[in-house]
Amino acid sequence: MALLVWPGRATTQTDVRIGVKASGTLKSPLLLERFRAGAGAETDARNAHDVVRHDFDLSGVFAVADVEALTEKLTPNPAEQGTVRVQGNVEMAGPGLQFSGEVLDIGSGESVFKRSYPTTRGDLRRTMHKFNDDVIEALTGERGIAETKIAFVRVSGRVKEIWVADYDGENGRALTHDNSIALSPAWAPWGSEIAFTTFKRGNPDLYLFDLVRGASYPFSTRPGLNTAPCYSPDGKWIACTLTRDGNAEIYLVSRDAQTARRLTRNGRIDSSPSFSPTGNQIAFTSDRSGSPQIYVMDTEGSNQRLITLEGKYNDSPQWSPKGDRIVFASRHDAVFDVIVMDANGQNPVQITFQAGHNENPRWSADARKIYFSSTRSGQRQIFIMNPDGSDVVQLTKGGESFNPAAGPRGKKRLQAAGSG
Amino acid sequence: MQRTPRIATLALAALLLGMLAGLGCSSRKQVTTADTTPPPPPPTETTTPPPPPSEPPSETTAEPTAAGLEDAFFDFDAAEIRNDAKDALTNNGRYLQGHGSSNVVIEGHCDERGSVEYNLALGERRARAAKDFLVSYGVPATRLTTISYGKERPFDAGHDESAWAKNRRAHFVSK
């Protein structure tokens, strides 16, 4: 049995009724009613229920139990303070459908969220993702991620293409069709562009894929490596690895491709930059000490310092969107596992255990989940889990997939932040 | 109607408030400079010729080795030239000096362990280490170019040390 080198081990609690700590927040009890259906919408009501049930389960926010629909008005029960009850109704409406959802606080008996959504059969899944995110925003103050997308690399023989899918792995489709090697997708903060590495012209070059136009453009095609992209939070820079000066160093290249600033200077490998959410710092991998470790520097390249103090091989850092933690992959006892630590390197906690190799960890936009790749079911596939390692769910099946990248919550949210 | 978060305990509320307050500050600070509309595409678009037609994937995993040139193998997570690699590279140097017109591409390859990004950088170091050895042997640098495939083009698809040892290599291809 492998020895665990990481001192902390996340504990998973299942007794959510008393509000125990799970996934860094509280899992709240949610009673999900069987949805009511108008004439002809019975199947749609079942489908809507199943989609949002999966969303609530994946959210990391709720502990869900299925219940029958109420036949009379809800009687408040102060002893059940903190438990909510979700009701839904699907009806035919003209050529389409209408979904109506409501959330009741069982403690007070009051309605805490209510909304109707015009939709169609083809759009029902997306509508329920929106309902899930609306409910989570109403109850916690922070929106969920069910409307977001993920990008990843999918393997087909010798070919690797960039794919996008819904946040839960559904509706996957190939973005690139280059019949080459495409790697390391990274989302622009505005959500309609993905930077990635491709060998399609022979050299590992950085391209930008415009999701609106459905086309990609060369971004950095310097001789040698053009790899490991990460957008700055304001979208004006892309941190990446270039070898144009002879060795893998981290650069900031402006989004208009006009300016490149070198940030690291040493004879060893510097790679895999990840911005802090303020844009003031960058976490990265360097083997300057002899083996790969996680370092942090100011965005100007100054103040470079080692922050991983344990483990001989640490790589693939990503800063949490909240700024407080960094997730990375660590090799120990011949396997790779995912570790979460404070952003200053303190309190490393191993969150995957004895289940193949677990790598490429990436935070979801709300920091409530971590995507990663794992060989636990055979070939590499994309999984999602809570930041304490609980609730592991496999999202991709068939073939081989890796390098997950979680998309942002979208332009609307950026603009909302911009007006605040 | 009360609109405060219903499901949060006081402790969670305090935690969230703290995080929101912290985020709020940094967000606002950035928002003054943040351009939330996407910048236009890089100007390289119009000057770039369309990509050449993609080659169909070949059946073999390995590129054909340049005649007369041997692979140089490496230790795990290392780009230092081993003694057995010195012999191979010395033979290659002798061959290249005897075939003065041939140019070669030196491919750096890695085993499957570790990240895509780190292995691309490691493969680059291996290719450059092999090139530096040949240049110091006397082969003109202009005849040698390097490329890293990281862990993306293994020669042996196995998942054990025997396969990994074959995959950690500098490989020579005629240009």
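Throughout, protein chains are lettered first and strands after them, A, B, ... in sequence-line order, and every chain is numbered starting at 1. Computed over heavy atoms, backbone and side chain alike; hydrogens, waters and symmetry mates excluded.
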### Query
Are the side chains of B:Leu120 and A:Ser271 in touch, meaning some heavy atoms are under 4.5 Å apart?
no

### Task
Please work out which of the three classes, parallel, tilted or perpendicular, describes the rings of B:Tyr118 and A:Tyr313, given edges at 30° and 60°.
perpendicular

### Task
Among A:Val153, A:Thr227, A:Leu183, single out the residue with the greatest number of heavy-atom pairs under 4.5 Å to chain B.
A:Leu183

### Task
Taking B:Arg153 for its side chain and A:Arg158 for its backbone only, find out whether a donor-acceptor pair lies under 3.5 Å.
yes

### Message
If I take atom NZ from residue A:Lys312 and atom CG from residue B:Asp77, how far apart are they, to the nearest 0.5 angstrom?
### Response
12.5 Å

### Query
Where does A:Thr241 contact chain B at under 4.5 Å (heavy atoms): side chain, backbone, both or neither?
neither

#### Entry: pair A:Thr243-B:Arg128: side-chain heavy atoms closer than 4.5 Å
yes

### Spatial distance of atom CZ (A:Phe328) from atom OG (B:Ser115) [nearest 0.5 Å]
13.5 Å

### Segment of B:Glu152 engaging chain A (4.5 angstrom heavy-atom cut-off)
both

### Message
Between B:Arg125 and A:Asp287, does any NZ, NE, NH1 or NH2 come within less than 4.0 Å of an OD or OE carboxylate oxygen?
### Response
yes

### Message
Less than 4.5 Å to any heavy atom of chain B: does that hold for the side chain of A:Ala329, its backbone, both, or neither?
### Response
neither

### Query
Nearest 0.5 Å, what's the NE2-NE2 distance between A:His357 and B:His159?
9.0 Å

### Query
Passes side chain to side chain contact (heavy atoms under 4.5 Å, CB included), B:Glu117 versus A:Asn403? Steps please.
CA-CA 10 Å; B:Glu117 297 81 11; A:Asn403 265 171; 3.6 Å; yes

## Note on the structure
Rounded to the nearest 0.5 angstrom, the CG-CD1 distance for A:Asn203 and B:Ile147 is 5.5 Å

### Query
Which bit of A:Ser184 is near chain B, if near means a heavy-atom gap under 4.5 Å: side chain, backbone, both or neither?
both

